[in-house]
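Notes for the one structure printed next.
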Protein chains: 2
Amino acid sequence: MDKLRALKYFVNLANTLNFSTTAEHFGVPSSSVSRRIKDLEAELSATLFERTTRTVQLTDLGKVYLLEVSTALQSIEMADELVGAQSKSPTGMLRITAMPAYGERFVLPALEKLRGLYNNIDFDVNLTDQVINLASNDADIAIRSASTLPDNVVARRLCDHQFVLVASPEYVSNNGAPKTSTDLTDRAVFMYRTQHGTLDWLTSREGVWQPLKLNPKFVSNYGQSILDNVLAGRGLALLPNWGVAQDIKADRLLVLELEDGPLSTRGNNSLGMYLLYHPPKFRLQKIRVAVDFLVAELGDGP
Amino acid sequence: MDKLRALKYFVNLANTLNFSTTAEHFGVPSSSVSRRIKDLEAELSATLFERTTRTVQLTDLGKVYLLEVSTALQSIEMADELVGAQSKSPTGMLRITAMPAYGERFVLPALEKLRGLYNNIDFDVNLTDQVINLASNDADIAIRSASTLPDNVVARRLCDHQFVLVASPEYVSNNGAPKTSTDLTDRAVFMYRTQHGTLDWLTSREGVWQPLKLNPKFVSNYGQSILDNVLAGRGLALLPNWGVAQDIKADRLLVLELEDGPLSTRGNNSLGMYLLYHPPKFRLQKIRVAVDFLVAELGDGP
DNA sequence: ATTTACTATTGTCTTTTAGACAACAGTGCT
DNA sequence: AGCACTGTTGTCTAAAAGACAATAGTAAAT
């Protein structure tokens with residue numbers, strides 16, 4: 001049985017409650033509709049319509065089935081429209097905001113690929129640590145690490161986001177690895193500057209996150225420069241996992257674990273990176289393709 | 001083309017990236033998978049996989065398509081499971097809370113019908129005006145008029161919910177209809193009692209909702225008794241639209257419009273009635289059937 | 001560079017299934 | 001009780017998916 005066909009018949013019939021009308025709508029004989037519905041009912045071993053030759057009525061089960069199935073069919077149609085070349089391609093300005101380091105490294109390349117797929121979408125990219133308000137329409141899509149999520153916003157997880165303490169293998173062989181957080185005070189550390197000042201390294205003492213007193217060798221608001229210094233073996237830094245994953249895999253960096261627990265830059269050390277959007281906007285083609293594409297491109301798993 | 005079949009092949013192939021494995025999974029020759037995917041691509045006029053005889057890779061467009069389509073397929077499968085008689089029918093206790101008047105009048109009868117469909121679901125119904133916390137697991141489903149929605153809860157609209165000023169035709173012909181809200185002070189009015197006292201009638205004065213000073217003839221926390229009094233022509237009441245819709249249609253009640261704007265019992269006169277649930281619970285069969293059924297049964301629109 | 005092993009694709013036949021069309025049957029209305 | 005309408009069933013035809021064998025293309029190993 002061509003079930004998709006049958007389901008389309010079903011949804012239409014549930015609205016018209018008239019086999020002939022539905023048959024005409026699809027340009028097939030009413031006997032076909034009758035048989036397909038019958039097939040469906042047989043497959044489910046359930047009655048979807050209560051019918052006499054004069055009246056057709058949805059059963060309660062049919063109502064439940066309709067509700068579930070009709071949205072699914074719409075999704076498939078929408079998917080075809082998004083991907084199908086015959087449809088007019090999505091058009092318009094897409095305003096997207098992301099955290100600078102992540103944005104530069106991952107979002108911008110992804111957007112270049114997206115531009116290749118749908119070349120009628122224009123981009124307005126705003127890389128900032130500021131929290132942009134989606135509901136008030138300052139951006140269509142936001143990508144950021146989420147601690148608390150605002151209301152009325154859908155969040156789709158992209159990847160883990162936590163800070164890890166790293167150093168180069170040369171640094172460790174020359175200077176040894178720090179054992180505890182107190183070992184860090186006389187180390188050369190590289191720190192990140194935000195709009196609100198140097199980003200403190202926090203350590204958890206009896207459940208409370210407290211800043212460490214450190215004397216940074218170098219502070220920058222440009223993440224790559226911190227990474228470059230660490231790669232050159234000049235010291236330690238607390239960097240986001242997605243920023244150092246490649247270098248760790250290639251053994252250019254080592255992850256250092258402290259005996260007295262992990263460090264963090266917030267009162268929480270297992271955050272995620274999320275893509276956020278405002279649900280009503282998901283109806284717009286440009287938003288829909290962008291969200292789907294970015295989740296597929298930047299997401300790392302289920 | 002049996003598109004649903006093709007889509008299932010597609011989703012599986014997107015995971016395995018291997019035609020033979022996918023073919024084996026469905027128990028068909030790999031040539032069938034190859035042809036179906038080709039059909040799909042032809043229909044979309046798009047390339048979903050980049051393939052040589054040795055490697056198969058999802059294209060960027062394919063990733064977008066996968067994301068849209070796979071959830072739709074899951075929905076259809078889930079729908080079949082819910083409705084199909086061959087599956088074990090949903091079982092367990094369903095805890096549901098609703099506002100008393102609406103609950104008694106609409107929710108309970110709907111639950112009786114639901115019990116007829118799935119007789120292994122047991123019900124624990126709590127009719128109260130208190131706001132039950134879904135997140136802390138005091139109920140599975142809540143039905144109430146929503147002004148502000150709590151976080152992490154999905155709301156599905158059931159119907160309008162606003163208060164309308166009503167009187168019987170006899171009352172109006174004997175006493176005339178009130179013209180403005182000030183006309184109400186010397187009228188016989190019937191009011192609703194909540195846990196927090198008599199439910200004031202509010203009127204909007206220059207954008208601010210203010211309570212009217214009225215001398216109610218009768219106050220009750222049992223909505224039906226108020227309605228009975230109004231039907232008997234003894235006075236006016238401010239009652240929810242869904243509670244008086246039948247009587248209005250049958251000309252047993254008249255809706256009275258005031259010249260100085262509508263009345264309300266909250267600082268807002270166009271609320272809705274919503275069904276609320278906590279998304280993680282939607283995976284449970286009993287929750288899913290109940291939500292779908294209640295929305296289909298009690299909902300009044302698209 | 002050449003061979004090898006593996007895997008997608010293509011060709012052809014068979015089986016399954018949807019559709020067309022006509023005849024039939026049940027139902028609500030006059 | 002008869003009429004008009006509509007869903008169902010029977011039979012045939014057309015289309016499409018599956019089976020199976022053969023082919024062609026490619027990445028890796030020698």
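- OP1 or OP2 of D/dA16 has not a single side-chain nitrogen or oxygen of B/R36 nearer than 4.0 Å.
- A/R35 places its CZ atom 6 Å from the C1' atom of D/dT9, with the value rounded to the nearest Å.
- Between the NZ atom of A/K3 and the P atom of C/dA18 there is a distance of 13 Å, given to the nearest Å.
- Proximity of A/R36 to A/K3: side-chain heavy atoms (C-beta onward) are nowhere separated by under 4.5 Å.
- Under the 4.5 Å side-chain criterion, counting only non-hydrogen atoms from C-beta, B/L117 is not in contact with B/V289.
- Looking at heavy atoms from C-beta onward, A/N15 lies out of side-chain contact with A/L13 at the 4.5 angstrom threshold.
- When rounded to the nearest whole Å, the span between CG of B/L17 and C1' of C/dT7 equals 14 Å.
- Using a 4.5 Å heavy-atom threshold, the side chains of A/I141 and A/L276 count as separate.
- Side chains of B/T55 and B/T52: a donor-acceptor N/O pair is present below 3.5 angstrom, by distance only.
- Within residues 21-33 of chain A, the residues approaching DNA chain D are A/S30, A/S31, by heavy-atom distance under 4.0 Å.
- Atoms NZ (B/K38) and P (D/dA17) sit 13 Å apart, rounded to a whole Å.
- For D/dT8, one of the phosphate oxygens OP1 or OP2 lies less than 4.0 angstrom from a side-chain nitrogen or oxygen of A/S34.
- The ring-ring contact (aromatic ring centres under 6.0 Å, His included) test with B/F10 is passed by exactly one of B/Y65, B/F19, B/F26: B/Y65.
- Using a 4.5 Å heavy-atom cutoff, the side chains of B/E81 and A/L44 are not in contact.
- Taking only side-chain nitrogens and oxygens, A/N18 comes nearer than 4.0 Å to OP1 or OP2 of D/dG7.
- Residues from residues 48-60 of chain B lying near DNA chain C, meaning a heavy-atom separation below 4.0 Å, are B/R51, B/T52, B/T53, B/R54, B/V56 in numerical order.
- For the residue pair B/T16 and B/T22, a side-chain donor N or O sits within less than 3.5 Å of a side-chain acceptor on the partner.
- B/Q224 CD: more than 12 foreign heavy atoms inside a 6.0 Å radius.
- Atom-to-atom, CG of A/D39 to P of D/dT8 comes out at 12 Å; the value is rounded to the nearest Å.
- Listed in residue order, the members of residues 7-16 of chain A having a heavy atom less than 4.0 Å from DNA chain D come to none.
- Computed from coordinates, the B/D2 CG to C/dT15 C1' distance equals 15 Å when rounded to whole Å.
- Residue A/H161 forms a side chain to side chain donor-acceptor pair (under 3.5 Å) with just one option from A/Y274, A/W242, A/Y102, and that option is A/W242.
- Whole-Å rounding puts the B/R5 CZ to C/dT16 C1' distance at 12 Å.
- Distance, A/M1 CE to C/dG19 C1': 16 Å, rounded to whole Å.
- Between B/K38 and B/E41 there is no salt bridge, since no side-chain N of the basic residue sits under 4.0 Å from a carboxylate O of the acidic one.
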